[in-house]
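Okay, so here's the structure we're looking at.
All ligand and atom numbering here is 1-based and tracks the order in the structure. A quick note: this is a predicted structure, and the numbers were derived from the prediction, not measured. Residue numbers count from 1 along this sequence.
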Amino acid sequence: MTLTVLFAAGKQLFNSYQAPLEQAFHMHGLKVHLLMDAPPEQVDYIIYAPSSALQDFTPYTACKAVLNLWAGVEKIVGNPTLTQPLCRMVDPALTQGMVEYVCGHVLRYHLGMDAHIHARPGDWQPVEPPLAQERSIGILGLGALGLAVAQALGRFGFELHGWARSPKSVPGITCHHGPKGLETCLSRAQVLVTLLPLTQDTENLLDARALQRLPKGAALINPGRGGLVDDSALIAALDSGQLGHATLDVFRTEPLPADHPFWAHPRVTVTPHIAATTRPNTAAQVIAENIARGEHGQPLLHLVDRPRGY
Ligand code: NAP
């Protein structure tokens, strides 16, 4: 049987994904018509990006699953017309990208690299540099990305605290959960990394109260979602010195508007949502494997829990 797979993620991405997907389908023994347009009632699977024009899933009566190209699903999870199973993207190359982004910025803070980069002749004051075991890092979210980041940071020897929704036991990480656990995790985080999905439970999680829990002068790295942080509270915490610096990759409005105070703030580093992107070669394998599982009656991987929102 030949499957009809609709690529609902735009022409530009189609050009990058077509060859890797066709190769991956072949490797998984799948016969597929990969199309950018097809009669809705004939579509078996939809490959989706939140920027897609497709917003009404009602006519896709035969569709067995929607496969999201991004890890975050906040723009599609609440769509009332989507009754098909929704899978998010867990791509090993995306994960590797996130590990590199976060480790780079953690080491930058840990080693005080900004001061060295901007050093002038009068700044010749040799001090003993810190070692990783003297620094504690907090990671909010211990999923595919948070856990990989924690494990990479663990190899340097940092003291690690993580926070997730469910209780966890992970060697080398002190795992917390629940409201009290969040307070403890924040209070230990000299560098705080947010790798949570944006849901109704996590929106504005980092408000003035939460930021106050951090050790004075802590640094924040947010490659999760802009809505996790209360922007005004963050600026106030930076201005008061409660927070030493913030590296932000994601924002409530993207691109970040030119007049947004983050651009001009001396203690903010803005990166343009580049922490980690889905890579066609590896993502195509993940998608093909999931379609093969669907066709063989096996459970789909990376299924989104709709009520939970991630
Ligand atoms: P994931 O595997 O679904 O992990 C999410 C983690 O957050 C889990 O540990 C989960 O706890 C925890 N969590 C969710 N809701 C919570 C709550 N209310 N309280 C406490 N913990 C909660 O997601 P992921 O693949 O790691 O991705 C995380 C996020 O990164 C994505 O949703 C996306 O927003 C962002 N992202 C950004 C970029 C970028 O380039 N900037 C790229 C990819 C992804 P449990 O383990 O208990 O379920």
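- No heavy atom of Met89 sits closer than 4.0 Å to any atom of ligand 1.
- At least one heavy atom of Leu195 sits closer than 4.0 Å to an atom of ligand 1.
- Between Ser166 and ligand 1, an N or O atom pair is found at a separation short of 3.5 Å.
- Listed by atom number, the atoms of ligand 1 under 4.0 Å from Lys168 heavy atoms are 45 (P), 46 (O), 47 (O).
- By the 4.0 Å N-to-carboxylate-O rule, Glu74 lies too far from Arg88 to be salt-bridged with it.
- Residue contacts with ligand 1: Asp249 is included, with a non-hydrogen atom under 4.0 Å away.
- Scored by the salt bridge (Lys or Arg N to Asp or Glu O under 4.0 Å) test, Arg279 finds no partners at all (sequence neighbours excluded).
- In this structure Asp231 satisfies the side chain to side chain donor-acceptor pair (under 3.5 Å) test together with His260, sequence neighbours excluded.
- The shortest N or O to N or O distance between Leu145 and ligand 1 is under 3.5 Å.
- Residue Asp201 has at least one heavy-atom neighbour below 4.0 Å for each of these atoms of ligand 1: 18 (N).
- Taking the six-membered ring for Trp and the full ring otherwise, His105 and Tyr109 have centroids separated by 6.0 Å or more.
- Here's the thing with Gly143: one of its N/O atoms is less than 3.5 angstrom from an N/O atom of ligand 1.
- Within the listing of ligand 1, atoms 35 (C), 36 (N), 37 (C), 38 (C), 39 (C), 41 (N) sit less than 4.0 angstrom from a heavy atom of Pro223.
- Nearest protein heavy-atom neighbour of atom 5 (C) of ligand 1: Pro197 CD, 3.7 Å.
- Annotation: atom 11 (O) of ligand 1 to nearest protein heavy atom, Arg165 N, 3.2 Å.
- Considering backbone and side-chain N/O of Trp163, none are found under 3.5 Å from N/O of ligand 1.
- Of the polar atoms of Tyr310, at least one N or O is found under 3.5 Å from an N or O of ligand 1, judged by distance alone.
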